[in-house]
Visitor: 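Sharing a structure below in structure tokens format, with a few things to ask.
When a ligand or atom number is given, it counts from 1 through the structure's own listing order.
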Amino acid sequence: MNPALAGASIVTAAQMRAAEVACFAAGVSQVALMERAARAVAQQVARFARSRPVLVLAGPGNNGGDGFGVAWVLAEWGYDVTVATLGQDWNGAAAVMRDRWTGPTTDLDDATPRPVLVDGLFGIGLTRPIAAPVRGRLATLAAAAELVVAIDVPSGSFADQDASDGVEADITVALGALKPCHVVGDTARCGHLILADLAIAVPGDTRLIARPVLHPPSRADHKYTRGLVIVIGGTMPGAARLAAGAAARGGAGYVVLASDDARVPFDAVVSRKPDAIAAMLADPKLGAVLIGPGLGRDDEARTRSEEAAASDCPLVIDGDALALASIDQLACRTAPTILTPHSGEFDRLFGTGGGNKLERTRDAARRSGAIVVHKGADTVIAAPDGQSIVAHPPAWLSTAGTGDVLAGIAAARLAASRDPMRAAIEAVWLHARAASLAGPAFVADGLAMHLPQAIAECL
Ligand SMILES: NC(=O)C1=CN([C@@H]2O[C@H](COP(=O)(O)OP(=O)(O)OC[C@H]3O[C@@H](n4cnc5c(N)ncnc54)[C@H](O)[C@@H]3O)[C@@H](O)[C@H]2O)[C@H](O)CC1
Ligand SMILES: [K+]
């Protein structure tokens, strides 16, 4: 994902339309707004077109209006431009743009490929899949082009759905704000994503992740104020060890590993026998508990999991502990809770119900009362109040043990702030950054070593 987009708002098509209406009510005309959009897209085309001939596809709605506007601006700048349409009439601002365009215009069926294709067929107003003949023409023209620039969304993608369809663009210029299809699902079809800020105020409760701000310890801090983390292990002790090491390197003041296996990742992590879990959970100095990595699903695992869930300790629940948890039990908790499921664990706990990944994760957070970190190439972090954050961690993280590392970092950050949403965002960012710093083909054991550098970048 384009790093320049950090913190950018993500809105639904309905929210975008409401924002547009408010903008019109504030005195901006529809034509002025469309001209802003057209100029912003034309600028991006001009950055990469290198004087090559341009074919602009202009569909029946305002996305098509933007297309005519782009054609008009590019022709003014000296580009060789042709427009292809579906042969409709246009209304409102789109009709104004259509009338401004006096250059060559053809039917989509008759259009011949050109090196640069600007896709203004459909935007956020797509209501049904594009008819097969049109989709076929679009795919042919796109395949023959050297550069495909999509206006707002790649035509064929539904703005509010996980990207799963639509033309494959090299560049997508999102207008006014990002939409769900730009950030969840197969976002590769957007190519390089650029946001054209049209100076429209949009809601800010759903955003791309941005680098968090962390505070160094003060002179008054000590190991317990920095955060005491207990990692509860089980049948696969290596996973809990990885998590405990990550908690220590993720900034915790003190890490205890409660496991039958006495091995620790390094000497600073303290080993305790798990028969003392009840006493540990009652320790007022406790900052956060992590349960799940390597826990197993036997009776002992169930007992430990229930004990942790029933406690009033801030809790991170991962891996096997997610399989042992129930939504009702989670919803009864009053202490902060973070859940870190991958898609299989998420579906098992919350079901496979409809909506895009953002909606599904927000719904899970609302039902469980927990912060849900729904992991994947498109990681969604959602809070019960509807706030949500999207991140795109490096694909090199798709290797065993990295989830245990993330859970350990989340526990450290939760112990430090007691604010579960903040902790989840910090953990996801630090985890992704550590992966970038680790470089290609790292193994999970080496990932946490890069956390201090990632933390240093947030101070
Ligand atoms: N976000 C902004 O600030 C701005 C966005 N602009 C652009 O406007 C479009 C949205 O325009 P709208 O007219 O609502 O929708 P579309 O252009 O996407 O197309 C709707 C049009 O097409 C018909 N239709 C829908 N699905 C199909 C289909 N499968 N086959 C055929 N026809 C279909 C539908 O009935 C309508 O007639 C947004 O994306 C931006 O590009 C503004 O220009 C500037 C500000
Ligand atoms: K488009």
Visitor: So, using side chain to side chain contact (heavy atoms under 4.5 Å, CB included) as the criterion, who are the partners of R47 when residues are at least two apart?
Guide: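 Only Q44, I194 meet the side chain to side chain contact (heavy atoms under 4.5 Å, CB included) criterion with R47.
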Visitor: Compare every heavy atom of A448 with every heavy atom of A246, then report the nearest pair and how far apart it is.
Guide: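 For A246 versus A448, the nearest heavy atoms are CA-CB, 3.9 Å.
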Visitor: Looking at A159 and I124, what are the two nearest heavy atoms and their distance?
Guide: CB-CG2, 3.8 Å
Visitor: Determine which of the N, O or S atoms in D119 is closest to the K ion (ligand 2) and give its atom name.
Guide: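 Of all N, O or S atoms in D119, the K ion (ligand 2) lies closest to O.
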Visitor: According to ring-ring contact (aromatic ring centres under 6.0 Å, His included), does anything in residues 429-459 pair up with another residue at least two apart or in another chain? List the pairs.
Guide: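 Counting only pairs at least two positions apart or across chains, no ring-ring contact (aromatic ring centres under 6.0 Å, His included) contact touches residues 429-459.
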Visitor: Using 3.4 Å as a strict upper limit, say whether an N, O or S atom of I151 approaches the K ion (ligand 2) that closely.
Guide: yes
Visitor: Name the orientation class of the two ring planes belonging to F346 and H374 (parallel below 30°, tilted from 30 to 60°, perpendicular beyond 60°).
Guide: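 The rings of F346 and H374 lie parallel, inter-plane angle below 30°.
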Visitor: Give, rounded to 10 degrees, the angle between O (F122) and OG (S155) as seen from the K ion (ligand 2).
Guide: 70°
Visitor: If every non-hydrogen atom of R297 is compared with every non-hydrogen atom of R348, which pair is closest and at what distance?
Guide: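 Taking R297 first and R348 second, the nearest heavy atoms are NH2-NH1, 3.7 Å.
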Visitor: Not counting sequence neighbours, which residues clear side chain to side chain contact (heavy atoms under 4.5 Å, CB included) with R367? List them please.
Guide: I327, F350, D363
Visitor: For ligand 1, what N or O to protein N or O distances fall under 3.5 Å?
Guide:
residue	atom	partner	partner atom	Å
ligand 1	3 (O)	E20	OE2	3.4
ligand 1	13 (O)	N62	N	2.8
ligand 1	14 (O)	R17	NH1	2.9
ligand 1	14 (O)	R17	NH2	3.0
ligand 1	15 (O)	G125	N	3.4
ligand 1	17 (O)	N62	N	3.2
ligand 1	17 (O)	N63	N	2.9
ligand 1	18 (O)	G123	N	2.6
ligand 1	18 (O)	G125	N	2.9
ligand 1	26 (N)	T127	N	3.0
ligand 1	26 (N)	T127	OG1	3.2
ligand 1	29 (N)	R128	O	2.8
ligand 1	29 (N)	P129	O	3.3
ligand 1	39 (O)	I124	N	2.9
ligand 1	39 (O)	D152	OD2	2.7
ligand 1	41 (O)	N63	ND2	2.8
ligand 1	41 (O)	D66	OD2	2.6
ligand 1	43 (O)	D66	OD1	2.4
ligand 1	43 (O)	D66	OD2	3.3

Visitor: Using 3.4 Å as a strict upper limit, say whether an N, O or S atom of G123 approaches the K ion (ligand 2) that closely.
Guide: no
Visitor: Pick out which of D378, D162, D347 makes a salt bridge (Lys or Arg N to Asp or Glu O under 4.0 Å) with K357.
Guide: D378
